[in-house]
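This report concerns only the one structure given below.
From a predicted model like this one, the values you see are computed outputs, not experimental measurements. Order of the sequence lines sets the chain letters (A, B, ...), proteins ahead of strands, with each chain counted from 1. Computed over heavy atoms, backbone and side chain alike; hydrogens, waters and symmetry mates excluded.
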Amino acid sequence: MSVLWVLVGFSVVVAAGFLVAFIWAVRAGQYDDKYTPSVRILFEEEHKTSTFGEPPKNNPEGTTQNGDGNNTVRQQGRT
Amino acid sequence: MEMVTIRYDNRVVRNFAVATMLWGAVGMLVGVLIALEMFEPAVNARLQFLTFGRLRPLHTNAVIFAFVGNGIFTGLYYSLQRLCKSRMFSDVLSKIHFWGWQAIIVAAAITLPLGMTTGKEYAELEWPIDIAITLIWVVLAINVFGTVIRRRERHIYVAIWFYIATLVTVAVLHIVNSIELPVSLLKSYPVYAGVQDALVQWWYGHNAVAFFLTTPYLGLMYYFLPKAANRPVYSYRLSIIHFWSLIFLYIWAGPHHLLYTALPDWAQSLGTVFSIMLLAPSWGGAINGLLTLRGAWDRVREDAVLKFMAVAITAYGMATFEGPLLSLKNVNAISHYTDWTISHVHVGALGWNGFLTFGILYWLVPRMWGTTLYSKKMANLHFWVGTLGIVVYASSMYWAGITQSLMWKQFTAFGVLQYPNFLETVTQIIPFYIIRALGGSLYLIGALVMIYNLVRTARQGKLAAEEEVQVPARWDEAPHVRENRHRWLEKRPIQFALVATGAILIGGMVELIPTFLVATNIPTIASVKPYTPLELEGRDIYVREGCYTCHSQMIRPFRSETERYGEYSKAGEFVYDHPFQWGSKRTGPDLHRVGGKFPNFWHFMHMDDPRSVSPGSIMPAYPWLFTQDFDTAIIARKIRAMQTLGVPYPKEYDRQALTDMKAQAEGIAADLQKQNAPADPSKEIIALIAYLQRLGTDIAVPQQ
């Protein structure tokens, strides 16, 4: 079972790497705000400049085109 | 805020999306083909390239690494750019990654039917392809990390953490499990043997499930589900907690694939304990996903994208509940080697991976092509046909698995096996194999409907290949953040150091201490000797034909198994097995003690036409073994490779090997000719018979 040396070695290295990453994330303030990031991703198309035109105005959700693929994109025309 | 205009690369997303659909259809089609072979062995048309043993690795590799793999990359390339507010780090690397990955898939699709395989499940690809995978994976990693480093959004969204965990861990798993010694361009032996090889393989195998089929898809879920539902994830805090706990727990769960095998007991228990603990973080993700839909269920009723995602997450929840359940030894005793496992993995693959992929594609294609979905009706049809397919598939395989297992274990009142003939337990479940093929076909039809629908969707729009957006030039770091993070560290240097060291040491010690007792872990058995050159060659044929996909070589210490097969398998019996061939499924009986059980002539007849000696058998015929000569050219090299790996052949035995090989073949052929069998001593069948007759005979246990 000497192969366990290999597995343990690699597993511990990976786990230690993740631990460092976790500690970094906490130290870097990544988790200071545990709410905004979840909302922010919904608003990323606000500054779209081309391609699909302006954000839709008649979206019932009141946000940008985050619909289900059958939203209003088509009505705005394409470039 | 200072803004810059950048462009997202949608072309690479498009490429991966097309590849996902193409390879998905291919992988599922191969799946249906081998499902047919499970009840109608003639489907392979007596062609060696189409047998179950060779196509099953192609099916698993195609759906895991080609369909799901390309699905991961589709979603990753789309979401990462947007989450980082940055174009991919390098267009060149994106292209190399895309074409490199497709080339690897094509190489797999050619080599596996040709029988070029390492014989290790989910890692069958031979060493040159293994190297290519490593290189392409590094290309992807550089591209992703480069993008993350150049991000314009300070916060690293949880999906990116899942991607990072995937990149790092898959690289480590792949490299450790693929350490092999090449003997020719397309043949290699793993450096590990027997029980060690098994442990490494399932450490890899389970983590392939964890870090290829789970973590990246959770990442995709955390991006695409909120986007499609247009509401934030239910609990961002929960997503963080379950991410970190999931990745720390997953890596130790592998041994649950080896319960009741010759793996040391403590290692089995360790796998069980971690598998049960995994329930918490897994369900953390599933619950978080489902609760994200809270308040949007009216839209789930309407929207095919959300329907697919809701079923995907439900399937994830079910599969991750079942996983810990199957890791309990008492449940595993019933489920292992049966179709229950097949059902379990397909709930995960068809439900979780497949349906999430479909949901993402239905959401992505209309957006990238600036149009609406061609047909909502078709999407809904796909949803229902696919769901029905999963239900039919899973329920038939549960039924088959439990039925067969109970038959294997059934004793009569007189204490003898009620179904001593293994074949009886196979013919009993053939109706379920037919139903399973039907379920799989439904699922494939659904996928084909999707492909048509999405092609039509793309045709009516135009790909926004370079999507232009305005993003902040850099993230503005508020001064208090910097202060905060310093304060956090300054306050807790000692606690921090202790926790870090403790976490590493606990994990290390748990597995390290027992290794000081190495000698007791594998009792060496003096009577176990290396294979003869002919047996070694026969073993390579056994590996090539993928016999391990239907036959185990691991008799568990149950009375029902020792009665049926003979003495249970000992770790020390496998010390010269590069690779181990314990298998994970008994479509046919266990073969570990098959040596000496039947005369050579029986094997000769059986391999030529299994139904001539076992009426009703679903094993394919292997006529090519009777026309192809076994390889005599590289046997010396194989012996030298084995010596390098520590197999104690006498010094310079490689020079003697060919003579011994031919002598043994002559002997077997002569025995066969006595029965009037047209046996030619140079044919592969002779080598295979030599291997089969050797199996499990080294420890002489008196027949009861």
Can you tell which of B/Leu364, B/Val365, B/Ile247, B/Val191 has the highest number of heavy-atom pairs within less than 4.5 Å of chain A?
-> B/Ile247
With rounding to the nearest 0.5 Å, note down the distance linking CD1 in A/Ile41 to OH in B/Tyr157.
-> 3.5 Å
B/Val200, part contacting chain A, at a heavy-atom distance under 4.5 Å = both
Distance in Å, A/Phe18 CZ paired with B/Phe243 CZ, rounded so as to fall on 0.5 Å steps = 6.0 Å
What are the two closest heavy atoms between A/Ala21 and B/Trp244, and how far apart are they?
-> C-CH2, 3.8 Å
Using non-hydrogen atoms only, which part of B/Ala379 is less than 4.5 Å away from chain A: side chain, backbone, both, or neither?
-> neither
Distance in Å, A/Leu42 CG paired with B/Arg231 CZ, rounded so as to fall on 0.5 Å steps | 9.5 Å
Which atoms of B/Val233 come close to chain A, meaning under 4.5 Å heavy atom to heavy atom: side chain ones, backbone ones, both, or neither?
-> both
Atom group of A/Val14 that falls short of 4.5 Å from chain B, counting heavy atoms | side chain
CZ/A/Arg40: more than 12 non-hydrogen atoms of other groups inside 6.0 Å = yes
A/Gln30 (side chain) donor-acceptor with B/Arg154 (main chain) under 3.5 angstrom | yes
Are any of the side-chain heavy atoms of A/Asp33 and B/His155 separated by less than 4.5 Å?
-> no
Does the A/Lys34 side chain pair with the main chain of B/Leu238, one donor and one acceptor, at a distance under 3.5 Å?
-> no
Side-chain heavy-atom pair A/Tyr35, B/Tyr236 within 4.5 angstrom cut-off | no
Return the minimal non-hydrogen interatomic distance between A/Ser38 and B/Pro232, and the atom names on each side.
-> O-CB, 3.5 Å
Should the heavy atoms of other residues, nucleotides or ligands under 6.0 Å from CZ of B/Arg152 be counted, would the total exceed 12?
-> yes
With only heavy atoms counted, which part of B/Ile156 is less than 4.5 Å from chain A, the side chain, the backbone, both or neither?
-> both
